[in-house]
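A quick write-up on the structure given underneath.
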Amino acid sequence: MALGRADPDFARILPAAGPLPWRRRDPGFPGLLRAICGQMISNQAAAAIWGRLSALPGALEPAGLLALSEDALRGAGLSRPKVLHVRALAAAVAEGRLEFAALRATPDEEAVAAIAAIPGLGPWTAQVHLLFGFERPDVFPAGDLALAAGLTHLKGLAERPKPKALAEMALAWSPWRSLAARLLWHHWRHATGRPAGEAP
């Protein structure tokens, strides 16, 4: 593994944690909708909300989601801010302001900026979509707390790096930063004894 040769600490993860589950997301509207569900909550809570939301009639299409009442969306477990966020995403897609086909061919930084321009969809949500939906090879969501915690544990750091410092450290793993993120999430789940479950 080239990443393990570049940083030997990564070569220790799979022998200890086992095979890496290769998670994917829908590259279109449903995948980004699912990323919103996962913002700032545990994987287990996000999975429960997603299960309820995705079961609502029409929820996985922009027009269908916009037709759902706030009560229905809140009943699925979305907070009031997240109701606004998913509706903002649905409106952007329905109105053609966000086109997934075009995004697929857009460079990483521009794609992140286009997604993050929608209210409630910051860089973390955009980067997670590029990583799991588009399967881009060199994306690293440096604002992710689990990534910082996993790296701190893996390398025995004295303190958890802040997002800017983590992003700078991740430059050493380019062009495999997406794999580095997947491995760090995998390592942190193993270290904390949490179920593998759905990725961020």
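Please read all numbers here as calculations on a predicted model, not as lab measurements.
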- Message: Are there over 12 heavy-atom neighbours, none belonging to Leu145, within less than 6.0 Å of that residue's CG?
- Response: no
- Message: Can you tell me how far apart NE2 (His153) and CG (Leu151) are? Round to the nearest 0.5 Å.
- Response: 11.5 Å
- Item | Atom pair CZ/CD1 of Arg34 and Ile49 - distance to nearest 0.5 Å | 11.5 Å
- Flag side-chain contact, heavy atom, 4.5 Å: Glu110 against Leu103: no
- Item | Rounded distance [0.5 Å steps], CZ in Arg160 versus OG1 in Thr152 | 6.0 Å
- NZ/NE/NH1/NH2 to OD/OE distance under 4.0 Å, Glu70 and Arg80: yes
- Do the side chains of Trp188 and Leu147 get nearer than 4.5 Å, heavy atoms only? no
- Mind checking side chain to side chain donor-acceptor pair (under 3.5 Å) for Trp50 and listing every partner two or more places apart, or none if nothing turns up? none
- Query: So, Trp173 and Asp138: side-chain donor and acceptor under 3.5 Å apart, yes or no?
  - Reply: no
- Please round to the nearest 0.5 Å and tell me the distance separating atom CG of Leu78 and atom CD of Gln39. 10.0 Å
- Query: Hey, are the side chains of Pro161 and Met169 touching, using non-hydrogen atoms and a 4.5 Å cut-off?
  - Reply: yes
- Are Phe140 and Trp22 connected in a single hydrophobic cluster, I mean Ile/Leu/Val/Met/Phe/Trp/Tyr linked by side-chain heavy atoms less than 4.5 Å apart? yes
- Message: If you define the side chain from C-beta out and look only at heavy atoms, does anything of Leu131 sit under 4.5 Å from Val128?
- Response: no
- Query: To the nearest 0.5 Å, what is the distance between CD (Glu109) and CG (Leu130)?
  - Reply: 11.0 Å
- Side-chain contact test, heavy atoms from C-beta onward, threshold under 4.5 Å: evaluate it for Trp185 versus Pro21 and give yes or no. no
- Message: What I'd like to find out is whether the side chain of Val139 reaches to under 4.5 Å of the side chain of Arg177, using heavy atoms alone.
- Response: no
- Query: Does the side chain of Arg87 come within less than 4.5 Å of Leu73's, by heavy atoms?
  - Reply: yes
- Query: Should Leu89 and Leu66 be regarded as members of a common hydrophobic cluster, given that ILVMFWY residues are connected when their side-chain heavy atoms come within less than 4.5 Å of each other, either directly or indirectly?
  - Reply: no
- Is it the case that one hydrophobic cluster holds both Phe132 and Leu184, taking links as side-chain heavy atoms less than 4.5 Å apart, direct or via other members? yes
- Message: Within a 6.0 Å radius of atom NZ on Lys155, are there more than 12 heavy atoms belonging to other residues, nucleotides or ligands?
- Response: yes
- Task: Could you check if a side-chain atom of Arg189 sits within less than 4.5 angstrom of a side-chain atom of Asn43, using non-hydrogen atoms only?
- Result: yes
- Query: Among Leu32, Leu65, Leu121, whose side-chain contact (heavy atoms from CB on, under 4.5 Å) with Val86 holds?
  - Reply: Leu65
May I have the list of side-chain donor-acceptor pairs in residues 12-20 shorter than 3.5 Å, sequence neighbours left out?
residue	atom	partner	partner atom	Å
Arg12	NE	Asp9	OD1	3.4
Arg12	NH2	Asp9	OD1	3.2
Arg12	NH2	Leu154	O	2.7

- Query: Does the side chain to side chain contact (heavy atoms under 4.5 Å, CB included) test come out yes or no for His129 and Trp124, once each step is laid out?
  - Reply: CA-CA 9 Å; His129 190 68; Trp124 179 88; over 6 Å; no
- Please round to the nearest 0.5 Å and tell me the distance separating atom OG of Ser79 and atom CZ of Arg74. 7.0 Å
